[in-house]
Amino acid sequence: MAAAVKDINLDPTFADIDRSVRAIMEPPGLRYWLWIGFLLALTLTGGALWTNQIYNGLQVTGLGDPVMWAVYITNFVFWVGIAHSGTLISAILYLFRTRWRTAVYRAAETMTIFAVATAGLFPVIHLGRPWFFYWLAPYPNQRFLQPDFRSPLTWDFFAISTYLTISSLFWFTGLIPDVANVREIATGWRKKFYTIVALGWQGSDRQWRHFSMAYLLLAGLATPLVLSVHSVVSWDFAMGQLPGWHSTIFAPYFVAGAIFSGVAMVLTLLIPMRWVMGLEDLITPWHLDNLAKVILLTSLVVSYSYIVESFMAWYSQDPIELMTFHMRYFGPWGWMFWVMVACNCVIPLLLFSPRIRTSTVPLFIITIFVNIGMWFERFVIIAGSLATNFEPSQWRFWHPSITEMGITVGAFAWFLMLFSLFARFMPIISMTELKEGITWLKQALRQGYAKAA
Amino acid sequence: MSAEVELVGAFADEERLVHCIGQLKAAQTRFRVFSPIPSHHINSAIYTRSSFVRWFVLLGGITGIVTAFMLTIGTSLEWNLVTGGKPIASIAPYCIIGFELMVLFGGISALTSWILLANLPTFEPLSGYRPRFSSDEFGLVVRCAEADAERFESVLRDAGAQEISREAA
Amino acid sequence: MNLNLNRTLLTLALVMFAAGVGVIAFSQRPWAPRFDVQQPIPFSHRIHAGVNKIPCQYCHEYARRSSTSGVPPVQRCVGCHGSQKSGGLLPVTRPWTDTKQSNFEIRWNRVYTLPDFVRFTHRPHINAGLACQTCHGPVETMERIQPVHEINMGFCIDCHTKRGATQDCYVCHH
Amino acid sequence: MSEGLSRRSFIKLAATAGAAAAIPGCEPAARNLIPYVVPDENVIPGMPTFYATVCTECPAGCGLVARVREGRVIKLEGNPADPISRGSTCARGQAALQEVYNPDRLAGPQIRGQNGFETASWDDALKTFNGHLGTASKAGKDRVAFISGPLGPTQTKIAQLWLGAYGSNRFVTYERLADNAARVAAKASFGRDDLPIYHIDQADALISFGADFLSTWGSPVEFHRQYAAFRTPKQRHGQLTLARATYVGPLMTMTAAKCDEWVATSPGDEAAVALSVLNVLVKQGWVSRNSGIDLDALRKLVVDFEPASVAQKTGVSAESIMRMGESFGQSESAVALAGTDDPALHNAVAILNAVTGNVGKTVVFAEGGPAPASSPADVEALVKAMAAGEVDVLVVAGGNPVFSMPVAQKFNDAIGKVGFVAWLGTVPDETAAVAHLRLPTDHSLETWHDTQPRAGVHGLGQPVMVRVFDSRPLGDLLLASAHAGGAKAEQVPWENTADAVNAAWQDLGTKAGGTFDDFWEKVRRDGGHFEDVKAASVSLDAKIFQAYVPAPQPPAGLAVVAVPHIFFYDGRGANKPWLQEIPEPVTQLVWDGWVQVHPDTARSLGVSQNGIVELRTDAGVISLPALISEHVRPGVLAVPTGQGHTAYGRYANGKGANVWSLLSGWGKVAAVKARPTGDVRRLVSPLFRADQMERGIVQTISIDDLAKGVLPPSDEPVPPQPYEMYAPFAYPVHKWAMTVDANSCTGCSACVAACYAENNLHVVGKDYVEIGRVMSWIRVERYFPPKDKADEAPLMQVAPMLCQHCDRAPCEPVCPVFASAHTKEGLNQQIYNRCVGTRYCNNNCPYKVRRFNWSLPEWDEPLNLQLNPDVSVRGAGVMEKCSFCIQRITYAELNALIEKRPVRDGEVQPACVQACPSKAMTFGDEDDPQSAMMQRRIDNKLRRYLVLEEINVGPNVTYLRDIYQTKGKA
């Protein structure tokens, strides 16, 4: 704890915390609305392109045999991955009583919700007949015909929807005391809104009692869930027998990758946010440092996975497998692989230096690289393996189209828009947990760690 | 029987509050605590048994698993369509559905159960609540016979309540 | 437990009930065709099939040999009605009695329609000894044909399951 | 087809039945039901009717069976009774449908006015027609001329009578790909006017000098069947041997690729090589004694054709020549074929066949052959007359001379000199563009006609459907015109073609015996009258040795060779979308023309792949993208025929370039100057890699290993089902499966065309083929061996690749909605209307045989009338794939069910199996070990293999290895 005591800021009283967080939620200015408007425009563009795609069929994409999955599924996996770090920070670290999570977990979890919401769009977008997407869900119908529960895509459907539900519940539960807090000072429509959202929370002992238990259990449920979800996503590929997909390490490999990209995305969002909103005294370098360490660790795990994957290909001596990997490194799309290696394995090594870990600008740049690298990783695995399949006569490499690019950009805008809106209208930092944390630490200092725990 | 009153004491510090709770429990009076933060000190000071929520969650989880296997196996047998030469009711893949539904049902029952057990949603505030109890102060509301009011006021004051107000119940 | 809780529980119960009812109602597809099909000619199945006991396949002659049951050719009507005694069939018989008028066509309106992706054929069903009424209802009692069953996949597969007929999707969908 | 079905009701039926072509969706098919007034006793609505007829796509004259639904012909199949097709077709035959329903077909008569062609009524059109004819005939004799493609006996007769009525006998048939040199040689060496009948199947060795007999030369479908028999290993001298085939020519054509050896010569050198082979035979004393020819003359002829010297002159290796000589001389019976336009070669080949005693065995002249078609001389005479203004009225009924006539003839100028040109045909072509009057005639499937492709084969073509457009039979037009021209009834006794054909067949009937009605009934059912031919005894004309003129030296420098395209033929196929979309078997290119260049030549020219090359001859100049490949002789620029149309409909126009415009003479070779223009046009192929990287897609075995009974060490068979996690399912009723013989498959793609026709596949065009959106359910896997393996492999490895209907199909469990599942009869079913389009199934399909509808399928009216009503048309966004023609399976099963009998073996034949001219594919029931399909597997244990067997998905298509002859062995 010594390090923590040194780094963490113990001065703020409950009142200070409330003041600074409530300050964020003052009615925003023009610059904010311009930003939102910009994002909205991009989102709508993406929506228009999608409408056109539904109307004209998938011919507007660049897809073709054999690369029938490319950008859309890559985006799907990418966003699901992003989502994971949120749950990691809010649930898993909660169970470990990690203290540095308190300041950042609300932001991270919000990111989770919106990332899943974004990811959930892509399986529908990529469908040939999106208007029938509900056939993946079991529902009563006159033919008694239900989805095939053996299909990884059905697993996906269940996993993603469960994940979205559970993290929303968890997120919502955590929000209630804070909303009740801001309810007390809010005025006008906000007052009404917060009053309804807070469900009449007053923080009585009885409410806290059940709240705490439920919060604990939700965290307990979310923890295996987060691991399962990305494993299931990875099985979309591992279950296929396509060389480059058919690999047993995919589940842990993808989960690590997910945490990696997710935490990077958290920093990508937090660093500008704390600067714009003046949260330097709540989100301290100490937090950034810890997050950076997580990135470093997962980066090493991911690099290890790359090595194992290639080793297995070599060790199997299966010519088809070998050829797939040869093409992955040196084929027409080889550059993507090397971009990915650079971004995911080499650049993060800089984080071994504590100075970089705590200085915002370099950290920010590194996280951007990580995001790019992880997007390419998914593309290389998905599209690259498809392009070099079993049938040499049926190889073919894919060319992007405006539609795919536009929808991808639109998705990013949609995500950022939701996040920005939330950050201004809801407590983006959990006051309750900050207070709890500080109280806890004060006691810890006074009475020694063991007694307080 | 004389009329009852409520004493509302505001505390800045959690430990004092906890100490005070101990005394009130000893005095076997009825009281309620408002707190801006979840505190297991307060919780354990008041309650001996832990919340029922966990039983609801267990129930939800089990329901989830059962539903999942009934759904998957049932619908497969309804049509017995062979895919990929796998058995009609192939258990292994269905376990994944089982797991997901267990988590889903468990989570939903966690939320509903805690909200209901906590008497939420409600829009009639509990007596003795002050807005700052959601922000930076702990509140201790004691309900006692008018006669005992002074005694408990002193208890609160000694415990370190910053201010104490009295209102008719 | 106080008032709030009960109220909440009640609302919850109501919502779930409503949802359940909704789902069941939805699964019954209330928008399915139940309309009253008008025909250009006041032809009565009741008189032909009911009163006069003409077997279905006398007119719908292709049912046992083909995928379609076949609409009777005008010739078939005239076969019986052509002679002078028949009164009410001038529009049909005229082109046969006077040679100057060119052939004309009767535009019957379909009563039973199937989606394009269904490859239904009559002949196995007739040859399996199914009565036409099994799917088309008591035609011999109808002045004008009205659909009795909604012919959807549930209806087909239900019968196929009962009779142990094939359940391969490919048989009808290809 | 009887008259009961009026054109009007046909259209109505088309409307209702055409509803099957609507997009899958919940809209009801058609709102109205319109009954017949009088039912047609031949037609049961909803059930197919079959009519026998004859194909007129090329002079081979294959017998066809047309499947007709509600008055529309929807599929053509080979006529099993016909001795030529024996129930098979080629891709061109399949695509004949797309001429019947071609959207560019002439819809009604047109007269040239001030501004282009104006539609006219039939009366006006015929008045103009007969008017000009009348004035012409009054102007004097022979003022009227008639050009057409090869016509059947009866139509020829009609045309001549009609000409007679207008006092002319300028009757010329024009077929650019006709084997004129062969006729000259047959006359010179055997004194015959007809062409011989070949029996490749009875030969033990074959040498083809530029005869691409598997794609365009002679009668490809028949030759496919014969060649498959020829290539089946036989016991000779107590040892299992493979008959050796060699191809001599400048380009590795499809035929060459299926031979053991391709001897690359410069165009024109074939004759020298042939004589050199003869030299070997003479020296080795392999000349049969009893052939009764004087050996000295022969020796004198071949003396200066020592293999060594020839090799040195032509660049052909002496070993190859020796090998050819040995294989030819040592075999009991052999056959040599000549396909170029060099009479010297044809003479040499005639001698070759004769002196080895093969004339009468594998090369048979038969009595009663068809009357010879016009010779180039006749055509030239007519053109001269036209140029001299001696022709007032020219009637062109096919052949499209403007497009393909040798440039030196100056046909375009000549036709300009003709006062009035009437064009009679189906789809207006370049010749129609210069006509004054265009009359739409019936397609051969819409009218009566007959053919006599060779002695003993009389094909009868009957109309199988009511005409789609407002057209008339060619015969009827001419007869009517003849009568209008005042022809006497005793000269021209018939009113219409039907009577004429009927009359023409009277004497055949009397020859056959029995009453004519029975005969007529029979021939209409059989699609013709077929009798055994009496072989004529012929002997080599001794003068031939003196008459022999040495081959003209091939042009120094670069030479351009026009290669007849297997699908476009001389160019008539170019407006059929299927034929444009199906890749050419060897190059696998689509929707374009190209010039095939050897890498060395390309380097010296500075040409790169896809770079546009300008070809300039004394006759003309064209530009085409280059295809760099090893499969052409250095110094030779090979250009496929048929593309480069300017006025032949939407699918043909502006594709590639017309190679005929480079050739001044009747030959297919010319000296050429080539230079890269610097522009680039992408040549597009649905295939990506040409080497199979030892993945065993198309596997091979040498005849030696086969004889020894051992497998190549590289591929020990994997145990059938090594590790099974689950017990396999039982298929008690049927288990449909297929056996494919890679040894018989030539890659001709007839199966692909048949699949397009049967399963309503739509064409996507060049751009979409390039990005992998081609829709064909079956494709030809075409691979070439890597250089280092070239000696231990066939020249080209081909096999059809279609859905393997795996027992443990990887595509099935990944579909979230059961759109892909297994039936109780072992089929892997793809349910279009359940598919949501995740495309996961295709990602997981190791064979990549699934096709996704990227866009809404569209057919230009009235091509949609050809759609098969028994198969749904798939909408955008759904996956589709080979169904083993489930509609045919259910059809057969229902028939069996109703007739209370089991399904007979061979009763179900998927379209591809049915069409395959070399019968490389067999379909049947795996539960029935007696079925032909299973027998074929059992008889070829050593050659059996499964594609990608190691991934253990349990495919139901078993392949048989391609057999090759180790190089350097005879």
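Below, chain A is the first sequence line, B the second, and so on; all start at residue 1. Only a predicted model underlies this, so the values are computations on that prediction, with no experimental measurement involved.
- In terms of heavy atoms, D/W854 sits closest to A/G64 at CZ2-CA, 3.6 Å.
- Rounded to the nearest 0.5 angstrom, A/Q394 CD and D/K848 NZ are separated by 8.5 Å.
- Using a 4.5 Å cut-off between heavy atoms, D/N853 does not touch chain A at all.
- Looking at D/Q588, there are no atoms closer than 4.5 Å to chain A (heavy atoms on both sides), in backbone or side chain.
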Steps toward side-chain contact (heavy atoms from CB on, under 4.5 Å) verdict (A/S393, D/R779)
CA-CA 10 Å; A/S393 75; D/R779 66 170 182 268; 3.9 Å; yes
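- The local environment of CZ in D/R682 is sparse, with at most 12 non-hydrogen atoms from other residues, nucleotides or ligands closer than 6.0 Å.
- With a 6.0 Å radius and a threshold of 12 heavy atoms from other residues, nucleotides or ligands, A/F311 has its CZ atom above the threshold.
- A/L145 has its side chain within reach of D/R834: a pair of non-hydrogen atoms, C-beta onward, lies under 4.5 Å apart.
- No other option in A/L58, A/L63, A/D156 has as many heavy-atom pairs under 4.5 Å with chain D as A/L63.
- When each of A/H246, A/M239, A/H399, A/M323 is scored by its heavy-atom pairs under 4.5 Å with chain D, the top score falls to A/M323.
- Here the closest heavy-atom approach between residue D/R773 and residue A/Q59 is recorded as NH1-O, 3.1 Å.
- Only the backbone of D/V769 comes within less than 4.5 Å of a heavy atom of chain A; no side-chain atom from C-beta onward does.
- Atom CZ of A/R396 sits about 8.5 Å away from atom CD of D/E770, to the nearest 0.5 Å.
- Between A/L136 and D/P816, the shortest heavy-atom distance links the atoms CG-CB, 3.9 Å.
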Stepwise side-chain contact (heavy atoms from CB on, under 4.5 Å) check, A/E391 with D/I697
CA-CA 8 Å; A/E391 282 274 318; D/I697 312 289; 3.3 Å; yes
For A/F132 and D/V817: C-alpha separation, side-chain torsions, deciding distance, then whether side-chain contact (heavy atoms from CB on, under 4.5 Å) applies.
CA-CA 10 Å; A/F132 284 134; D/V817 293; over 6 Å; no
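- Ranked by non-hydrogen atom pairs under 4.5 Å with chain D, the options A/D236, A/I73, A/V60, A/D318 are led by A/D236.
- If you measure heavy-atom distances from D/N843 to chain A, the contacts under 4.5 Å come from both the backbone and the side chain.
- Heavy-atom distances place no part of A/Y72 under 4.5 Å from chain D, backbone and side chain included.
- Within the 4.5 Å cutoff, side-chain heavy atoms of D/F818 are placed close to those of A/R150.
- Here the shortest heavy-atom pairing between A/R129 and D/V878 reads NE-CG1, 3.4 Å.
- Among the candidates A/L153, A/T154, A/L242, the residue making the largest number of heavy-atom pairs closer than 4.5 Å to chain D is A/L153.
- Environment of OH in A/Y134: crowded, with over 12 heavy atoms of neighbouring residues, nucleotides or ligands closer than 6.0 Å.
- Counting heavy-atom pairs closer than 4.5 Å to chain A, the top residue among D/P846, D/P813, D/P686, D/G837 is D/P846.
- Counting heavy-atom pairs under 4.5 Å between each of A/T61, A/L127, A/V67 and chain D puts A/L127 at the top.
- Counting non-hydrogen atoms of neighbouring residues, nucleotides and ligands closer than 6.0 angstrom, the CH2 atom of A/W50 exceeds 12 such neighbours.
- The two residues A/P152 and D/Y840 make their nearest non-hydrogen contact at CG-OH, 3.8 Å.
- Listed in order of number, the residues of residues 377-390 of chain A that approach chain D to under 4.5 Å between heavy atoms are A/L386, A/N389, A/F390.
- Contact of the D/R695 side chain with the A/I320 side chain is registered, since non-hydrogen atoms from C-beta on lie closer than 4.5 Å.
- The candidate with the highest count of non-hydrogen atom pairs below 4.5 Å against chain D, out of A/W135, A/F133, A/W245, is A/W135.
- With a 4.5 Å cut-off on side-chain heavy atoms, D/M693 and A/P319 do not count as touching.
- D/P810 and A/Q241 get closest at one heavy-atom pair: CG-NE2, 3.5 Å.
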